[in-house]
Amino acid sequence: MALLTPQDLEGLTKQLECNNNTIKKATGMDIADICKQIYGTTLDGEKVGIVPITSGNGIITNFSSSLLTITEYFGLDGAVTEHPDVTGYYEAVSSDADIILMADDHIFIAHNMKNGKIATNHVCTGVVYAEIASRYKYADSKDILVIGLGRVGYAGAQHLVKRDFDVYAYDPDRETMEKARKELGIIPYDPEEEHKFSMVLEATPNPNTISEGMVAERCLVSTPGIPCGLPEDIGERNEIDLVMEPLMIGVASMLYAVM
Ligand SMILES: NC(=O)C1=CN([C@@H]2O[C@H](COP(=O)(O)OP(=O)(O)OC[C@H]3O[C@@H](n4cnc5c(N)ncnc54)[C@H](O)[C@@H]3O)[C@@H](O)[C@H]2O)C=CC1
Ligand SMILES: NCCC[C@@H](N)C(=O)NCCCC[C@H](N)C(=O)O
């Protein structure tokens with residue numbers, strides 16, 4: 001799994017404001033509204049303990065401070081623990097944190113100590129980016145394309161199937177495609193066919209995964225994928241709303257998911 005770099009997290013608040021404006025323009029709702037719709041929950045100044053974790057590739061210099069920025073942006077009372085790992089976890093629990101945020105190289109969780117709810121970043125990211133795509137005001141049908149059916153994309157496709165969209169999906173991994181076809185009932189998308197979509201969810205770790213033949217003249221591309229899968233020239237030629245940032249929208253989804 002591709003790990004975040006400190007460079008990915010630079011200018012996070014500006015990226016969030018920019019994306020929130022795009023989301024409001026394209027869906028009529030902001031990120032908080034969308035999270036409330038998905039989970040039926042609200043945030044109310046909860047105390048959030050952010051615990052740096054040193055395992056694997058170790059601490060990402062601005063990861064915890066980015067989480068602090070995000071919790072404060074959504075009106076929560078965030079704090080990064082003085083120590084990492086078990087000592088940090090003990091510190092957060094002892095300070096009566098309502099929610100714990102911590103990530104190793106494989107799983108990034110939000111755990112609500114009060115109601116026991118736990119959520120992962122990859123599922124919450126897939127769900128929220130799928131929901132954003134599905135609420136496009138200028139959608140020309142209920143057809144929606146999901147590119148990449150990994151941990152994030154599969155969760156997004158599952159959410160869209162539950163919301164009764166006609167979910168087309170493409171992933172070069174044949175086993176993944178077969179699993180999604182059987183378990184979710186997605187419609188395998190053939191990149192050779194001329195079927196243009198006005199709503200696209202892209203969740204791959206590769207660039208240029210979106211081709212001209214996939215996107216309608218007016219389209220919302222909702223992509224957590226790093227790097228961006230939309231080639232610049234396509235973005236300039238078509239009227240495309242692009243929602244893309246490396247962390248904040250997925251973390252917002254985690255926070256609402258555990259309330
Ligand atoms: N912005 C955010 O908040 C977050 C971003 N991410 C990013 O989302 C991306 C996906 O993450 P995961 O699902 O965990 O990765 P993953 O490795 O589990 O899944 C990626 C999937 O994309 C597929 N794929 C690769 N190239 C493709 C192509 N050209 N067309 C269609 N499918 C293709 C792979 O076969 C694989 O199934 C990564 O770049 C990750 O860094 C992950 C979590 C949060
Ligand atoms: N966009 C969210 C997806 C995050 C995930 N791709 C990742 O980089 N995970 C590694 C996080 C490691 C954090 C580190 N252990 C720390 O605590 O600083």
Side-chain angles (χ1 to χ4, degrees), residues 1-9 12 15-16 19 31 35 49-68 70 80-81 83-86 88-89 92 100-110 119-130 132 145-158 168-180 186 188-191 200-211 213-214 221-231 242-255:
M1 181 183 74
L3 299 182
L4 281 167
T5 66
Q7 293 69 33
D8 290 331
L9 300 177
L12 216 50
Q15 289 190 64
L16 180 67
N19 277 280
I31 294 167
C35 290
I50 298 161
V51 185
I53 300 295
T54 62
S55 67
N57 283 276
I59 285 173
I60 298 173
T61 47
N62 51 358
F63 181 75
S64 291
S65 58
S66 298
L67 296 185
L68 183 59
I70 298 165
V80 178
T81 58
H83 300 283
D85 305 325
V86 175
Y89 180 80
I100 304 280
L101 290 179
M102 54 185 176
D104 64 15
D105 290 352
H106 309 284
I107 297 281
F108 171 15
I109 61 165
T120 61
N121 174 265
H122 56 272
V123 170
C124 292
T125 298
V127 167
V128 71
Y129 274 88
I132 290 167
L145 176 61
V146 179
I147 303 171
L149 287 168
R151 303 189 316 162
V152 173
Y154 194 90
Q158 191 169 41
Y168 293 73
Y170 172 67
D171 192 303
D173 184 293
R174 295 172 65 82
E175 270 181 44
T176 301
M177 277 299 289
E178 194 46 27
K179 177 173 182 279
I186 56 101
Y189 169 72
D190 173 0
V200 176
L201 166 67
E202 196 274 1
T204 84
N206 291 319
N208 306 322
T209 56
I210 297 172
S211 62
M214 293 176 180
V221 173
S222 178
T223 175
I226 304 172
C228 182
L230 180 71
L242 176 64
V243 176
M244 175 195 72
E245 58 72 53
L247 184 64
M248 294 180 104
I249 296 172
V251 171
S253 181
M254 294 168 78
L255 294 168

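FYI, side chains are in, hydrogens and waters are out, and symmetry mates aren't considered; it's all heavy atoms of this structure. Each ligand, and each atom within it, is numbered from 1 in the order the structure gives.
Close approach of ligand 1 to Asn121 (heavy-atom distance below 4.0 Å) involves ligand atoms 43 (C), 44 (C). Using a 4.0 Å cut-off to heavy atoms of Ala203, the atoms of ligand 1 that qualify are 10 (C), 20 (C), 22 (O). Within ligand 2, the atoms closer than 4.0 Å to a non-hydrogen atom of Asn121 are 2 (C), 3 (C), numbered from 1 in the order shown. Atom numbering of ligand 1 starts at 1 in the shown order; those under 4.0 Å from a heavy atom of Tyr170 are 30 (N), 31 (C), 32 (N). Each of the atoms 6 (N) of ligand 2 lies under 4.0 Å from some heavy atom of Ala2. Near Ile226, the atoms of ligand 1 lying under 4.0 angstrom from a non-hydrogen atom of the residue are 39 (O). Set against the non-hydrogen atoms of Glu245, the atoms of ligand 1 under 4.0 Å away are 1 (N), 2 (C). Interface of Ile59 with ligand 2, defined as ligand atoms under 4.0 Å from a residue heavy atom, comprises 16 (C), 18 (O). Counting the atoms of ligand 1 from 1 in the order shown, those under 4.0 Å from a heavy atom of Ile147 are 30 (N), 31 (C).
Checking only distances, Tyr129 never comes within under 3.5 Å of ligand 1, N or O to N or O. Geometrically, ligand 1 and Arg151 share a nitrogen or oxygen pair separated by less than 3.5 Å. Taking any N or O of Val51, backbone or side chain, none lies under 3.5 Å from an N or O belonging to ligand 2. Ligand 2 has no nitrogen or oxygen under 3.5 angstrom from a nitrogen or oxygen of Leu3.
For the residues Ala180, Ala252, Gly150, Ala155, the heavy atom positioned nearest atom 21 (C) of ligand 1 is part of Gly150. Ranked by closest heavy atom to atom 10 (C) of ligand 2, the top entry among Ile249, Thr125, Asp104 is Asp104. Among Pro224, Pro205, Pro246, the residue whose heavy atom sits closest to atom 3 (O) of ligand 1 is Pro246. Of all the listed residues (Pro6, Pro52, Gly58), Gly58 holds the heavy atom that lies closest to atom 14 (C) of ligand 2. For atom 27 (C) of ligand 1, the nearest non-hydrogen atom from the set Gly148, Pro172, Gly153 comes from Pro172. Ranked by closest heavy atom to atom 29 (N) of ligand 1, the top entry among Asn208, Leu3, Thr209 is Thr209. Looking at Asn206, Thr204, Val123 and measuring to atom 26 (N) of ligand 1, the nearest heavy atom belongs to Asn206. Residue nearest to atom 36 (C) of ligand 1, selected from Leu149, Val146, Asp171, Asp8: Asp171 (by heavy-atom distance). Relative to atom 8 (O) of ligand 2, the option among Leu247, Leu4, Leu101 with the closest non-hydrogen atom is Leu4.
Between Leu101 atom CG and Leu255 atom CG the span is 5.5 Å, to the nearest 0.5 Å. Note that the CD1 atom of Ile249 and the CD1 atom of Ile132 stand 4.5 Å from one another [nearest 0.5 Å]. Taken to the nearest 0.5 Å, the CD1 atom of Ile147 stands 8.0 Å off from the OG1 atom of Thr204.
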Next on the checklist: Run the side-chain contact (heavy atoms from CB on, under 4.5 Å) test on Cys228 and Leu242 for me, step by step, so that the C-alpha distance in whole Å, both residues' side-chain angles and the decisive distance to 0.1 Å come before the verdict.
Outcome noted: CA-CA 10 Å; Cys228 182; Leu242 176 64; 4.2 Å; yes

Checklist entry - Does the side-chain contact (heavy atoms from CB on, under 4.5 Å) test come out yes or no for Leu4 and Ile226, once each step is laid out? => result CA-CA 9 Å; Leu4 281 167; Ile226 304 172; 3.9 Å; yes

Checklist entry - For Leu16 and Ile31, what are the C-alpha separation, side-chain angles and deciding distance, and is it a side-chain contact (heavy atoms from CB on, under 4.5 Å)? => result CA-CA 9 Å; Leu16 180 67; Ile31 294 167; 3.3 Å; yes

Next on the checklist: Set out, in order, the CA-CA distance, both residues' side-chain angles and the distance that settles side-chain contact (heavy atoms from CB on, under 4.5 Å) for Arg151 and Ile107, then state yes or no.
Outcome noted: CA-CA 11 Å; Arg151 303 189 316 162; Ile107 297 281; 3.9 Å; yes

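Residue-ligand proximity: Pro246 is placed with a non-hydrogen atom under 4.0 Å from ligand 2. Ligand 1 does not have Met248 within reach: every non-hydrogen atom of the residue lies 4.0 Å or more from it.
A donor-acceptor pair is defined here as one N or O able to donate and one able to accept, closer than 3.5 Å; no such pair exists between the side chain of Asp171 and the backbone of Met177. No side-chain donor-acceptor contact under 3.5 Å links Asp104 to the backbone of Ile53. With hydrogens and angles ignored, the 3.5 Å screen pairs a side-chain donor or acceptor of Glu245 with a backbone N or O of Leu247. Judged purely by atom type and a 3.5 angstrom limit, Ser222 has no side-chain atom pairing as donor or acceptor with the backbone of Val243. Not a single donor-acceptor pair under 3.5 Å links the side chain of Thr125 to the backbone N or O of Gly250.
Under the rule for a side chain to side chain donor-acceptor pair (under 3.5 Å), Asn19 has no partner lying at least two apart in sequence or in another chain.
Counting heavy atoms under 4.0 Å from ligand 2, residue Ser64 does not touch it at all.
Within a 6.0 Å sphere centred on CD of Gln7, other residues, nucleotides and ligands contribute more than 12 heavy atoms.
A pairwise comparison of heavy atoms in Leu149 and Ala180 identifies CD1-CB, 3.6 Å as the closest pair.
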